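Comments concern the structure below.
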2 protein chains.
Amino acid sequence: MTRPISDALHARIRRDIESRIMSGQWRPGHRIPYEHEWMEAYGCSRMTVNKALRSLVQSGLLESRKRAGTFVAAPRFHRAALEIPDIRAEVEGQGLTYRLDLLSRDRRKATEADKALLRVSSGDLLAIECRHFADDLPYALEHRLINLAAVPEAAEVDFSTQPPGSWLLAHVPWTEAEHRITAINADPATAQSLHVPENAACVALERWTWIGAGRDDERITYARQLYPGDRYALTAHFHA
Amino acid sequence: MTRPISDALHARIRRDIESRIMSGQWRPGHRIPYEHEWMEAYGCSRMTVNKALRSLVQSGLLESRKRAGTFVAAPRFHRAALEIPDIRAEVEGQGLTYRLDLLSRDRRKATEADKALLRVSSGDLLAIECRHFADDLPYALEHRLINLAAVPEAAEVDFSTQPPGSWLLAHVPWTEAEHRITAINADPATAQSLHVPENAACVALERWTWIGAGRDDERITYARQLYPGDRYALTAHFHA
DNA sequence: TAGTGGTCTAGACCACAGC
DNA sequence: CTGTGGTCTAGACCACTAG
């Protein structure tokens with residue numbers, strides 16, 4: 001007997017509906033009972049029913065159509081929550097010793113290549129190349145651009161010990177982000193840097209970060225991290 | 001001037017709070033006004049305020065501590081919503097023609113290897129190898145195991161034209177899932193199958209799917225899909 | 001047009017963590 | 001203790017859309 005997560009009535013209603021969907025009793029497209037009927041079934045107010053249903057709609061398990069009812073949603077893809085930890089936190093979380101190796105740091109006017117990556121039209125930026133180590137084994141190779149128009153303080157920060165990602169996470173707390181995950185073969189320089197054979201498959205994780213509506217000066221940073229494919233895995237989980 | 005997504009009062013309150021967090025006006029750890037104060041500020045009831053706050057708590061931007069108040073949450077990692085489309089839908093969504101190539105189909109008792117992958121202790125399963133084509137170019141190579149104890153109907157399905165993922169998505173609608181993304185070098189057979197050079201980097205996407213608490217007979221399927229790294233990218237986005 | 005979900009109100013009681 | 005958020009009620013009006 002597992003202990004219930006929450007005894008709240010709306011949570012019970014939610015779980016009841018969930019289990020009927022997960023058991024296959026209610027298939028995609030099935031119209032579930034009207035909110036009115038749930039009120040009667042549970043002897044509660046409509047707000048309580050509504051709270052349960054809205055929560056399931058937000059999870060993607062249900063969809064509401066005005067005037068028609070609430071239906072079991074037809075899944076069109078697998079959803080999962082991807083939680084990408086800060087590298088230092090991830091390494092230390094595994095009980096390993098983290099070390100940063102700053103390869104280069106360049107403050108410059110955005111080149112054409114920078115502009116394309118950072119998605120700005122002009123301005124100064126900080127370009128950083130660094131390696132992340134876990135117990136003296138290379139963990140990831142990072143190429144990062146920081147938009148100094150958006151984060152001028154970054155120009156004064158010492159990134160020789162503090163990873164740029166950690167600093168940014170703490171100083172530009174809430175952003176929007178887009179991620180792109182691909183696989184690439186390590187070129188000779190990358191291979192040497194990561195201590196992997198030439199052409200070894202690497203996970204390439206790119207991240208674009210900005211604030212708000214996405215104007216030029218709100219672009220925060222671009223990061224490209226390469227992980228040895230045989231030592232690293234991204235994991236994602238779809239909650240119940 | 002962008003058109004507002006929703007004019008609902010709780011949505012406006014939500015956006016107001018969001019923008020103060022995203023602009024940096026309220027930093028992690030900051031205690032935002034009490035629900036009582038929001039009521040007065042907006043001249044609305046507490047339920048309306050609560051709806052906005054709960055929504056932000058669920059997004060991870062806020063956290064509530066009873067008796068203390070509601071605080072801006074400290075981001076500990078980058079969150080993103082990963083939406084992995086059904087391959088057929090994804091291919092057709094790009095305006096390409098989808099074709100399935102069933103390489104093998106084997107109904108068998110679970111071998112030791114199967115058990116480890118599917119995470120069951122025994123039982124019959126369906127093992128499928130197939131290739132997905134987009135306009136006659138190999139798009140992905142798939143190895144799939146389906147637990148027949150959980151999905152007996154799968155034994156009768158014709159998977160020579162219908163991709164197993166699409167069938168399962170439609171017939172075992174809602175499950176829990178775990179994903180693992182790595183990069184691998186194509187071995188000779190894989191390279192030939194995907195029309196890529198030997199050792200080409202490929203994105204390996206593994207997915208374990210089950211229902212409910214996760215007992216043996218509730219394990220649904222294991223899938224491993226290999227995508228040519230230079231033709232494929234997974235994308236994930238963190239919503240505002 | 002009838003009836004659904006979407007939204008909102010003006011209260012209420014409670015558990016609980018901080019003071 | 002006090003006051004917070006968590007939860008819930010018994011109504012209400014509205015927009016929308018399916019029939």
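Computed from a predicted structure; not experimentally measured. Each chain gets a letter, A, B and so on, in the order its sequence line appears, and its residues count up from 1. Values below: every heavy atom of this structure, side chains too, minus hydrogens, waters and symmetry copies.
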A:His36 atom NE2, over 12 foreign heavy atoms within 6.0 Å: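 Not buried by this count: 12 neighbours or fewer within 6.0 Å.
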Taking atom CZ of B:Arg99 as the centre, report whether more than 12 heavy atoms of other residues, nucleotides or ligands fall under 6.0 Å from it.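 Atom CZ in B:Arg99 is crowded, with more than 12 foreign heavy atoms closer than 6.0 Å.
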I would like to know whether A:Glu37 and A:Arg31 meet salt bridge (Lys or Arg N to Asp or Glu O under 4.0 Å); could you show each step before the answer? CA-CA 12 Å; A:Glu37 302 178 72; A:Arg31 206 213 77 228; 3.7 Å; yes
Rounded to whole Å, please give me the gap between [atom1] in [X] and [atom2] in [N].
{"X": "B:Ile17", "N": "D:dG5", "atom1": "CD1", "atom2": "C1'", "value": "14 Å"}
{"X": "B:Ile32", "N": "D:dG5", "atom1": "CD1", "atom2": "C1'", "value": "11 Å"}
{"X": "B:Ile13", "N": "C:dT7", "atom1": "CD1", "atom2": "P", "value": "13 Å"}
{"X": "A:Leu53", "N": "C:dT7", "atom1": "CG", "atom2": "P", "value": "13 Å"}
{"X": "B:Glu37", "N": "D:dT4", "atom1": "CD", "atom2": "C1'", "value": "11 Å"}
{"X": "B:His36", "N": "D:dG6", "atom1": "NE2", "atom2": "P", "value": "17 Å"}
{"X": "A:Arg31", "N": "D:dG19", "atom1": "CZ", "atom2": "P", "value": "11 Å"}
{"X": "B:Asn50", "N": "D:dT7", "atom1": "CG", "atom2": "P", "value": "8 Å"}

Provide a list of protein-nucleic acid N or O atom pairs under 3.5 angstrom, restricted to nucleotides 8-10 of chain C.
residue, atom, partner, partner atom, Å
C:dC8, OP1, B:Leu9, N, 2.4
C:dC8, OP2, B:His10, N, 3.4
C:dT9, OP2, B:Ser45, N, 2.7
C:dT9, OP2, B:Ser45, OG, 2.9
C:dT9, OP2, B:Thr48, OG1, 2.7

Annotated structure of DNA chain D as dot-bracket, pair cut-off 3.5 Å, Watson-Crick or G-U only, | for inter-strand, is ||||||||||||||||||.
Here's a test for you: under side-chain contact (heavy atoms from CB on, under 4.5 Å), which of A:Ile220, A:Thr209, A:Asn147 qualifies with A:Leu118?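 Answer after filtering A:Ile220, A:Thr209, A:Asn147: A:Asn147.
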When rounded to the nearest 0.5 angstrom, what distance separates CD in A:Glu206 from CG in A:Leu226?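 If I round to the nearest 0.5 Å, the distance is 9.0 Å.
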Contact nearer the 5' end of DNA chain D, comparing B:Tyr34 with B:Arg54: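 With B:Tyr34 and B:Arg54 compared, the 5'-side residue is B:Tyr34.
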Here's one to test your reading of the geometry: is the NZ or CZ of B:Arg119 within 45 degrees of the ring axis of B:Tyr222 and under 6.0 Å from its centre?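 Judged by the rule, B:Arg119 and B:Tyr222 form no cation-pi pair.
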Near DNA chain D, under 4.0 Å by heavy atom, which residues of residues 66-76 of chain A?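 Only A:Lys66, A:Arg67, A:Ala68 qualify.
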Backbone of [Y] reached by a side-chain donor or acceptor of [X] within 3.5 Å:
{"X": "B:Arg27", "Y": "A:His171", "answer": "yes"}
{"X": "A:Trp208", "Y": "A:Leu117", "answer": "yes"}
{"X": "A:Thr221", "Y": "A:Leu145", "answer": "yes"}

Evaluate the side-chain proximity of B:Arg144 to B:Phe159: yes if any heavy-atom separation is below 4.5 Å, no if none is.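 Sidechains of B:Arg144 and B:Phe159: no contact.
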Hey, are A:Arg207 and A:Thr175 close enough side-chain-wise for a donor-acceptor pair under 3.5 Å?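 Distance-only check fails for A:Thr175 and A:Arg207.
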